[in-house]
Enquirer: 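Okay, handing you the structure first.
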Amino acid sequence: MVGSIDKLHQSLNSNGSFNNCNGLEEKLDEFRHLLCKTDGDPLRIVSVGAGAWGSVFAALLQDSYGQFRDKVQIRIWRRPGKVVDRATAEHLFEVINSREDVLRRLIRRCAYLKYVEARLGDRTLLADEILKDGFCLNMIDTPLCPLKVVTNLQEAVWDADIVVNGLPSTETHEVFEEINNYWKERITVPIIISLSKGIEAALQPVPHIITPTQMINRATGVPIENILYLGGPNIASEIYNKEYANARICGAETWRKPLAKFLRQPHFIVWDNSDLVTHEVMGGLKNVYAIGAGNLIFSGMVAALTNESATSKSVYFAHCTSEMIFITHLLAEEPEKLAGPLLADTYVTLLKGRNAWYGQMLAKGELSRDMGDSISGKGMIQGVSAVGAFYELLSQSSLSVLHPDGNMPVAPVELCPLLKTLYKILITREKSSQAILQALRDETLNDPRERIEIAQTHAFYKPSLLGQP
């Protein structure tokens with residue numbers, strides 16, 4: 001009887017729901033076998049970066065596989081020393097007390113008192129400290145399971161079998177260059193899953209996009225076959241709360257199919273696709289227009305500036321989607337294959353993403369551009385750097401296309417008035433948020449249908465933009 005009770009307890013995950021232990025253990029054993037793991041040698045997984053998606057990804061794995069402690073070790077790295085401000089500590093205390101399960105868990109772990117003291121201002125909490133208890137600084141309203149947190153990067157990655165890149169694109173190259181120093185004597189090649197959706201621009205030897213997976217490849221020398229991208233459409237907090245969601249893992253077949261099976265859960269369906277770089281770039285592109293947008297329930301500049309006008313939102317959506325379609329024709333030989341995934345990812349980002357929220361807060365005056373693009377409680381707003389990267393690339397004369405009016409060669413950005421306007425708002429700061437409405441009301445603005453027709457009837461594909469011959 002006692003043995004049966006023990007087995008029952010082992011089948012419960014941290015959220016109190018039953019896991020199919022046998023099915024999970026079989027999946028884990030199957031993946032361990034692919035990596036030639038022997039008994040007593042756990043599969044080591046580490047998430048580098050503790051933003052919302054990186055933290056949720058680690059927590060999902062911990063909830064599913066953490067019970068098999070002799071077979072898998074799941075950890076998350078974040079920089080030490082980040083102070084939780086008083087307002088956040090107060091809000092966190094409210095969240096804790098609103099969730100009986102979380103409150104009981106903290107009391108059992110003798111961890112509740114520090115949150116009381118922080119609420120009273122008698123103690124300072126650190127981000128890595130609260131992450132151990134399951135609280136991500138960028139997602140306080142969604143408590144996670146407790147996580148094994150490591151603040152020493154070398155300790156975190158030196159023997160990891162799977163490294164998850166949860167860093168913004170702006171930090172990816174620098175951190176993975178440091179990681180490479182700790183991998184000099186590695187015999188086995190790790191698998192890297194990048195969650196980062198930003199891009200960077202390079203102009204030499206020809207204008208081209210650099211994605212996070214490419215940055216990792218160049219910084220570490222890990223073969224591109226071992227580097228994959230996992231993208232949406234999804235919202236991190238909803239995935240952890242077991243709302244139905246799906247994701248797409250892109251990369252070489254060797255690892256993408258086994259990883260899709262390993263990561264798949266009843267509420268989290270993972271598809272696989274061979275087109276790594278293009279999907280990665282699309283993940284950055286939708287963040288560009290999310291800032292200016294709103295959505296059908298709307299965040300974004302347009303929503304804030306028009307008192308939630310449904311008509312203005314639809315006008316913006318028509319123009320931003322036509323610009324995205326135009327840009328995909330520059331980037332992809334078969335852009336029609338990207339239409340569904342891109343629109344779906346754009347839609348969910350507009351509905352509830354941090355980039356749309358950021359645009360709305362700017363337009364309302366509740367945030368200032370002088371505050372930068374790393375916002376307390378939200379993390380890095382990737383859309384800002386993506387606006388700069390896409391504008392810089394598409395303004396290069398070497399990529400010229402024919403303008404429909406006058407049939408004269410122009411840089412591609414001249415056919416993307418919203419991108420130009422967002423660049424002037426966010427990067428050069430020569431215009432206010434109101435400029436996005438002025439751009440929509442410009443009498444010379446072409447019908448978005450015409451932009452799509454131009455893209456579909458002209459050979460705009462520029463393989464060099466993705467670093468291809």
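Starting from 1, each residue takes its place in the sequence as its number. Just the heavy atoms: all of them, side chains too, but no hydrogens, waters or symmetry mates, feed the values below.
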Enquirer: Taking NZ in K71 as the centre, count heavy atoms belonging to other residues, nucleotides or ligands within less than 6.0 Å. Is the count above 12?
Expert: yes

Enquirer: Measuring from K82:NZ to L131:CG, what's the distance to the nearest 0.5 Å?
Expert: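 So the NZ of K82 and the CG of L131 are separated by 14.0 Å.
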
Enquirer: How long is the span from the CG atom in L285 to the CD atom in E323, to the nearest 0.5 Å?
Expert: 9.5 Å

Enquirer: Q62 side chain to C145 main-chain N or O, any donor-acceptor pair under 3.5 Å?
Expert: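 Between the backbone of C145 and the side chain of Q62 there is no qualifying donor-acceptor contact (under 3.5 Å).
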
Enquirer: Parallel, tilted or perpendicular: which fits the ring planes of Y391 and Y423, with parallel below 30° and perpendicular above 60°?
Expert: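 Parallel: the ring planes of Y391 and Y423 meet at under 30°.
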
Enquirer: Can any side-chain N or O of R429 pair as donor or acceptor with the backbone N or O of R369 at less than 3.5 Å?
Expert: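 The answer is yes, because a donor-acceptor pair under 3.5 Å joins these two groups.
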
Enquirer: Would a distance-only check, ignoring hydrogens and angles, find a side-chain to backbone donor-acceptor pair under 3.5 Å from R451 to L415?
Expert: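 Yes; at least one donor-acceptor contact below 3.5 Å.
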
Enquirer: Classify the angle between the aromatic ring planes of F31 and W255 as parallel (below 30°), tilted (30 to 60°) or perpendicular (above 60°).
Expert: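 Because their plane-to-plane angle lies in the 30° to 60° range, the rings of F31 and W255 count as tilted.
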
Enquirer: Any chance NZ of K37 has more than 12 other-residue heavy atoms, nucleotides or ligands included, within less than 6.0 Å?
Expert: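 Yes - once you tally the heavy atoms of other residues, nucleotides and ligands closer than 6.0 Å, there are more than 12.
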
Enquirer: What residues form a salt bridge (charged side-chain N to carboxylate O under 4.0 Å, His left out) with E30, not counting sequence neighbours?
Expert: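 In terms of salt bridge (charged side-chain N to carboxylate O under 4.0 Å, His left out), with neighbours along the sequence ignored, E30 is linked to K261.
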
Enquirer: Can a side-chain donor-acceptor contact be found between D41 and T38 if the only test is distance below 3.5 angstrom?
Expert: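 Result is no, nothing qualifies.
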
Enquirer: Of all residues at least two apart in sequence or in a different chain, which pass the salt bridge (charged side-chain N to carboxylate O under 4.0 Å, His left out) check with K378?
Expert: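 Testing K378 for salt bridge (charged side-chain N to carboxylate O under 4.0 Å, His left out), a comparison that skips the adjacent residues, returns none.
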
Enquirer: Are the side chain of R264 and the backbone N or O of V270 linked by a donor-acceptor pair below 3.5 Å?
Expert: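 Yes; judged by distance alone, with no hydrogens or angles, the pair exists.
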
Enquirer: Taking only residues two or more places apart in sequence, or in another chain, which ones meet K257 in a side chain to side chain donor-acceptor pair (under 3.5 Å)?
Expert: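 Checked K257 against side chain to side chain donor-acceptor pair (under 3.5 Å); matches are D272.
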
Enquirer: Ring-plane angle category for W53 and F57, please: parallel below 30°, perpendicular beyond 60°, tilted otherwise.
Expert: perpendicular

Enquirer: Do E25 and F68 come within less than 4.5 Å of each other through their side chains, counting heavy atoms only?
Expert: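 The answer is yes; the side chains approach within 4.5 Å.
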
Enquirer: Please examine the side chains of K242 and F268, heavy atoms only from C-beta on, and report whether any two atoms are closer than 4.5 Å.
Expert: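 When only atoms from C-beta onward are counted, K242 and F268 do not touch, as no gap falls below 4.5 Å.
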
Enquirer: Quick one: does any side-chain atom of T211 pair with a main-chain N or O of V277 as donor and acceptor, under 3.5 Å?
Expert: no

Enquirer: Out of curiosity, Q214 CD to T172 OG1, how far, rounded to the nearest 0.5 Å?
Expert: 12.0 Å

Enquirer: Out of curiosity, I192 CD1 to N165 CG, how far, rounded to the nearest 0.5 Å?
Expert: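 Those atoms lie 8.0 Å apart.
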
Enquirer: State, yes or no, whether a side-chain contact exists between L28 and F262 at a heavy-atom distance under 4.5 Å.
Expert: yes

Enquirer: Can you check whether K420 reaches E414 side chain to side chain, under 4.5 Å on heavy atoms?
Expert: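 Yes - at least one pair of side-chain heavy atoms lies under 4.5 Å apart.
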
Enquirer: To the nearest 0.5 angstrom, please state how far the OG1 atom of T321 sits from the CD1 atom of I452.
Expert: 6.0 Å

Enquirer: Show the nearest heavy-atom pair for residues E225 and A252, with the distance to one decimal.
Expert: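 That closest heavy-atom pairing would be O-CB, 3.8 Å.
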
Enquirer: Tell me whether S169 contacts the main-chain N or O of P212 through its side chain, where contact means a donor paired with an acceptor under 3.5 Å.
Expert: no

Enquirer: Using a 3.5 Å distance criterion without hydrogens, assess whether the side chain of W183 forms a donor-acceptor pair with backbone atoms of G221.
Expert: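 Not confirmed, W183 side chain does not pair with G221 backbone.
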
Enquirer: To the nearest 0.5 Å, what is the distance between CD on E185 and CH2 on W158?
Expert: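 Interatomic distance, E185 CD to W158 CH2, rounded to 0.5 Å: 10.5 Å.
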
Enquirer: Report the C-alpha separation of L422 and I427 in whole Å, then their side-chain angles, then the decisive distance to 0.1 Å, and conclude whether the side-chain contact (heavy atoms from CB on, under 4.5 Å) test is met.
Expert: CA-CA 8 Å; L422 288 168; I427 307 301; over 6 Å; no

Enquirer: Under the 3.5 angstrom rule, does the side chain of D373 hit a backbone N or O of M380 as a donor-acceptor pair?
Expert: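 Between the backbone of M380 and the side chain of D373 there is no qualifying donor-acceptor contact (under 3.5 Å).
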
Enquirer: Can you name the nearest heavy-atom pair linking I74 to K148, along with the distance?
Expert: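 Of all heavy-atom pairs spanning I74 and K148, the closest is O-CB, 3.7 Å.
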
Enquirer: Please say whether more than 12 non-hydrogen atoms of neighbouring residues, nucleotides or ligands are located less than 6.0 Å from CG in D70.
Expert: yes

Enquirer: Could you give me the CA-CA distance, side-chain angles and deciding distance for R256 and S274, then say whether side-chain contact (heavy atoms from CB on, under 4.5 Å) is met?
Expert: CA-CA 8 Å; R256 75 171 192 267; S274 62; 3.7 Å; yes

Enquirer: Within the supplied structure, the quantity of interest is the number of heavy atoms (other residues, nucleotides, ligands) at a distance under 6.0 Å from E177 CD; does it exceed 12?
Expert: yes

Enquirer: Counting only N and O atoms by type, is there a donor-acceptor contact under 3.5 Å from the side chain of R99 to the main-chain atoms of D101?
Expert: no

Enquirer: If you define the side chain from C-beta out and look only at heavy atoms, does anything of I191 sit under 4.5 Å from D161?
Expert: no

Enquirer: Run the side-chain contact (heavy atoms from CB on, under 4.5 Å) check on I327 and V288 step by step: do they pass?
Expert: CA-CA 12 Å; I327 293 171; V288 168; over 6 Å; no

Enquirer: Walk me through it: do D63 and Y240 pass the test side-chain hydrogen bond (donor to acceptor under 3.5 Å, both in side chains)?
Expert: CA-CA 10 Å; D63 274 341; Y240 193 74; 2.7 Å; yes

Enquirer: Using a 4.5 Å cut-off on heavy atoms from C-beta on, say whether the side chain of Q73 contacts that of V46.
Expert: no

Enquirer: Carefully, step by step, assess R79 and V175 under the rule side-chain contact (heavy atoms from CB on, under 4.5 Å).
Expert: CA-CA 11 Å; R79 294 182 178 89; V175 173; 3.5 Å; yes

Enquirer: Please tell me if the side chains of V95 and P143 come closer than 4.5 Å, counting only heavy atoms from C-beta onward.
Expert: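 Sidechains of P143 and V95: in contact.
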
Enquirer: Got H267 and L60 here, is their nearest side-chain heavy-atom distance under 4.5 Å?
Expert: yes

Enquirer: I'd like to know if the side chain of S55 reaches the main chain of A52, judged simply by a donor and an acceptor atom lying under 3.5 Å from each other, with no hydrogens or angles considered.
Expert: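 Between the backbone of A52 and the side chain of S55 there is no qualifying donor-acceptor contact (under 3.5 Å).
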
